[in-house]
Amino acid sequence: MEYARGIFDKLPKRNVVTWTALMTGYVQNSQPELAIQVFQELLESGTYPTNYTLGAILNACSSLFSIELGKQIHGYIIKYQIESDTSMGNALCSLYSKCGSFEFAVKAFRRIPEKNVISWTTVLSACGDNGQAETGLRFFAEMLSEDAKPNEFTLTSVLSLCCIIHALGFGEQVHSFSIKLGFESNLSIRNSIMYLYLRSGRVDEARRLFDAMETITLVTWNAMIAGYSQMVGCAKDDLIAHHSGIEALNIFLKLKRSSMKPDLFTFSSILTVCSGLVALDQGEQIHAQTIKSGFLSDVVVGSALVNMYNKCGSIEKATKAFVEMPTRTLISWTSMITGYAQHGRSLQALQLFEDMRLAGVRPNKITFVGVLSACSHAGMVDEALSYFEMMKKKYKIKPVMDHFACLIDMFVRLGKLQEAFDFVKKMDFEPNECIWSILIAGCRSHGNMELAFYAAERLLELKPKDGETYALLLSMYLSAGKWKDVSNVRKLMRDDRLGKLRDWSSVSIKNKVYSFKPDDKSHSQSADMYKLLEDLVEKAQSLGYVSQKSLEMTDEEDKGETFSSTVHHSEKLGVAFGLLNMCRGASIRVIKSISMCRDCHSLIKYISLLTGREIIIRDSKRLHQFNDGHCTCGDFGSLL
DNA sequence: CGCTCATAAT
């Protein structure tokens, strides 16, 4: 571009084409500010812009998210009377969409007298970018009814809309339609179809398409990895989620063995997979690869890395990665603030929040979930309430259930049960399962069973759908000896055909993942593991550990009201395996499918003290980080 | 010229 500018400056005469060429060059080289500068010079020189010139400047506005300047350009377009030009309309529609003004984008589209296929594609992707997938599908139907012929861009765009709302049926119709139009072997469309199947949970079909593709692009690999990575977060079953993560890692390894090189999309997805699997070893290896390939400087990859270290319980490494980021976005800050909050480092979380505001980054509601949970963890009532006010008044953010959950959790931790219940009454919407569960767990911890029973009844009125909620209720009624309620809850669980809660844990060491079931004896080292546990329990008892008979939550059968016959829940076996197989001093990371029970939580605190090891367990609710006999969860939350 | 598929935080 320097050369181009040099030549431009030496030109004795310039016309609008010269100016436009320079501007287009700046836009293409991601220097939109300079393009805008050139545009100002052009206007000052008295030259009339053409629709090409204005198209280039609208692009610059898009990449700067500058809707003000965009509207100004829109003014010129009207002034020069080229508003009815199709390209201008397309560019305006695209600009408004990228700047988040969906209504303006649609208006710009509607004003195009002669819509071409690009106009339709632009408005479809505008719908996708602005969370209006259903509207997008209606636009597509309208397009077909007007006999406009979609091209490959249009079809991939429609398929991505189907992805967002999991409209598999619609997507399949689009697929057969695209075959009719002769796009059967089109790579982009095949990638989109494959991704749609993955996102809709049809893994086998997706896999079949993937295996049948004779040419594969990096987008294909990335779509596959991203598809599995997303399943880690939304699969119904934890075991499926876990397998999806492992599968994503396998595909990543295959990609590495192929001749293609991973890019920023690959790295951000695969780092997220490591977060989900609490796979620190793999995560660190990938960290090294992002450095070598130069993609670490990308802000999305950097944020994914920070998040990975946070989720793996390595707060120091997360901090280092965060500090070393060349640029940070709202998401980077939020991720780090939440990381500190989850690790019980409330003051650091709040300090970082202030740094973020000083840096001029505007927090959103997720940031405030992190801030409020930091306050809650440290019992900082005044601060929490003042941040809550700040959120509503200064940032005009409407509180959502998660914010109330943090505040209620805070009162509950402090034993201020009445305040907690008062707060629930003050909320302007109905409390959900999560709120009642927090209250129940809190009331139990503070021995106020009357309030606990009250909350339990409210919870049951909501007809919860997940097994863990019922397990919490069952555990409470059982230990209180309320047999009538016990059989009622059991009946509800049967009626709703809630599957058994499957307790399993996994530990990942180097490149392998090992899983454990309760009382698992199938491992080659089982004997050593049980011996070690027995030994640790004995030593813990001498330090004051009292084994609490835990209830067998995974067992639905009415064998009277049995207390646990299980000796070892899965995470104990995972910890024992880690102790036996990981090098001295290395932290042990376990991932557990359901909430930890009180007994295991208590024992593992002792184990961390006895062995001097850091033990990190991520259960279905939160991250527990055990060090020297303490856990970062503050012994609170819904332990079964 | 303008349009597509794949990425990060609760």
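We name chains A, B, ... by the order of the sequence lines, and we start the count at 1 in each one.
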Taking all non-hydrogen atoms of both residues, which atom of A:Asn310 and which atom of A:Ala318 are closest, and how far apart? OD1-CB, 3.3 Å
Output the rounded distance in Å from CE (A:Met23) to P (B:dC1).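 Answer to the nearest Å: 14 Å.
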Let me know the distance between CG of A:Asn90 and P of B:dC1, rounded to the nearest Å.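 Atom CG in A:Asn90 sits about 14 Å away from atom P in B:dC1.
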Per-nucleotide protein contact string for nucleotides 3-10 of chain B, where B marks a base within reach and S marks sugar-phosphate only (heavy atoms under 4.0 Å, - for neither): BBBBBBBB
Decide whether a cation-pi geometry holds between A:Lys115 and A:Phe109; the criteria are a distance under 6.0 Å from NZ or CZ to the six-membered ring centre and an angle within 45° of the ring axis.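 Yes; both conditions hold, so A:Lys115 lies above the ring face of A:Phe109.
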Row check, A:Phe177 ring normal vs A:Lys180 NZ/CZ: under 6.0 Å, within 45°: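 Here A:Lys180 fails the 6.0 Å and 45° test against A:Phe177.
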May I ask you to say whether A:Glu284 pairs ionically with A:Lys317, meaning some side-chain N is under 4.0 Å from a carboxylate O?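 Looking at A:Lys317 together with A:Glu284, the answer is yes, because their closest N to O distance falls below 4.0 Å.
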Flag the pair A:Arg190 and A:Glu184 as a salt bridge only when some basic side-chain nitrogen lies within less than 4.0 angstrom of an acidic carboxylate oxygen.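 Salt bridge between A:Arg190 and A:Glu184, a charged N being under 4.0 Å from a carboxylate O: no.
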